[in-house]
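Report on one structure; see the data block that follows.
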There are 2 protein chains.
Amino acid sequence: MTMQSLRSNKRKPTHPGAILREDILPELGITQTDLADRLKVSRRTISEIIHERRPLTADMAIRLAHFLDTTPESWLNMQQAVDIWELQNGNDKLYKNIKKFVYEAAA
Amino acid sequence: MTMQSLRSNKRKPTHPGAILREDILPELGITQTDLADRLKVSRRTISEIIHERRPLTADMAIRLAHFLDTTPESWLNMQQAVDIWELQNGNDKLYKNIKKFVYEAAA
DNA sequence: TTGTATTGTAACTTATAAAGTTACAAATTA
DNA sequence: TAATTTGTAACTTTATAAGTTACAATACAA
């Protein structure tokens with residue numbers, strides 16, 4: 001069956017932690033430990049995000065935005081895409097049962 | 001003091017529940033109870049979102065997207081804006097202490 | 001090669017919050 | 001007035017972000 005509709009055909013969006021891991025940290029040339037200190041979070045939090053085991057929360061997005069002089073939105077949008085993708089590719093049974101609204105013919 | 005920088009000058013973004021309350025429900029002409037049933041969530045969940053007492057989660061965004069034939073992103077972006085605004089206008093002390101990264105002169 | 005720094009992660013605790021259920025009073029509407 | 005709808009309190013359950021401590025495995029630098 002060549003299904004093309006389900007939006008699940010797109011591959012999983014990039015986790016913001018991957019950007020941190022592959023682009024930001026190498027670029028800045030600082031350790032995870034240093035980043036954690038500067039953002040005032042635990043080393044563990046950085047490690048888990050970098051390995052994509054945790055979502056990058058709104059709080060972390062703001063911290064990064066301050067530190068990197070970017071916007072919180074740019075970070076959160078990435079996470080949002082991951083969140084949506086994961087829910088859709090896991091609860092598809094459930095969501096399939098939600099029927100589209102149709103206007104009723106007036107009696 | 002005429003401060004103009006702090007991004008807190010913008011007023012609080014619209015909660016997605018307000019759209020549901022003011023636009024969607026009147027437009028569709030259905031009750032909260034009916035919406036809850038169709039989305040397969042509890043009546044309470046709808047009530048709390050509509051009264052802006054809870055965030056509209058990714059899960060709810062997907063349900064609404066199915067029901068209304070819109071995108072989850074359109075709903076989640078609104079919530080994201082609210083989340084960021086609330087954190088920034090409440091933890092500003094904390095975030096102020098996160099210093100911008102500066103490249104060190106190579107030794 | 002030895003020693004220091006860095007990292008990954010397990011185990012545990014704490015705190016927060018989304019969501020459900022039940023119940024009841026108030027308000028709305030038919 | 002009678003039925004429907006709504007707001008919300010009280011409570012429980014479930015999930016998870018985040019911290020701390022500790023230890024083993026690398027990686028790296030002198």
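Each chain gets a letter, A, B and so on, in the order its sequence line appears, and its residues count up from 1.
The cluster map of Ile, Leu, Val, Met, Phe, Trp and Tyr, joined by side-chain heavy atoms under 4.5 Å apart, puts B:Val82 and A:Ile84 in different clusters.
Contacts of B:Arg44 classified as salt bridge (charged side-chain N to carboxylate O under 4.0 Å, His left out), with partners at least two apart in sequence or in another chain: B:Glu48. Residues passing the side-chain contact (heavy atoms from CB on, under 4.5 Å) test with B:Ala81, sequence neighbours excluded: B:Pro13. Listed by chain and number, the residues in a side-chain contact (heavy atoms from CB on, under 4.5 Å) with B:Arg38 are A:Phe101, B:Ile30, B:Asp34, B:Phe67 (sequence neighbours excluded). The side chain to side chain donor-acceptor pair (under 3.5 Å) check on B:Lys40 picks up nothing, with sequence neighbours excluded. In terms of the side chain to side chain donor-acceptor pair (under 3.5 Å) criterion, residue partners of B:Thr45 (sequence neighbours excluded) are, by chain and number, B:Ser42, B:Arg54. When the side chain to side chain donor-acceptor pair (under 3.5 Å) test is applied to B:Glu27, the partners found at least two apart in sequence or on another chain are A:Tyr103. Among residues two or more places apart in sequence or in another chain, the salt bridge (charged side-chain N to carboxylate O under 4.0 Å, His left out) test is passed with B:Lys99 by none.
Between the C1' atom of C:dA18 and the CG atom of A:Leu87 lies a distance of 13 Å, rounded to the nearest Å. Whole-Å rounding puts the B:Asp83 CG to C:dT16 C1' distance at 14 Å.
The heavy-atom pair separating A:Ile98 from B:Leu39 by the smallest distance is CD1-O, 3.7 Å.
In this structure, B:Ile62 CD1 and A:Asp92 CG are separated by 10.5 Å, a value rounded to the nearest 0.5 Å.
Residues of residues 47-63 of chain A that place a heavy atom closer than 4.0 Å to DNA chain D, in numerical order, are A:Arg54, A:Pro55, A:Thr57. Within a heavy-atom distance below 4.0 Å of DNA chain D, the residues of residues 26-41 of chain B found are B:Thr31, B:Gln32, B:Thr33.
Along DNA chain D, the stretch of nucleotides lying under 4.0 Å from any heavy atom of chain A spans, 5' to 3', D:dA17 to D:dA22.
Proximity of B:Leu64 to B:Leu56: side-chain heavy atoms (C-beta onward) are separated by under 4.5 Å at one or more points. Residues A:Pro72 and B:Gln88 have side chains in contact (heavy-atom distance under 4.5 Å, counting atoms from C-beta outward).
Between B:Leu25 and B:Arg44, the residue anchored closer to the 5' end of DNA chain D is B:Leu25, taking for each the nucleotide with the nearest heavy atom.
The salt bridge (charged side-chain N to carboxylate O under 4.0 Å, His left out) pairs that include a residue from residues 57-67 of chain A are A:Asp59-A:Arg63, where partners are two or more places apart or lie in different chains.
Comparing the helix axis at one end of the helix from C:dT1-D:dA30 to C:dA30-D:dT1 with that at the other, each defined from 5 consecutive pairs, gives an inter-axis angle of 50° (nearest 10°).
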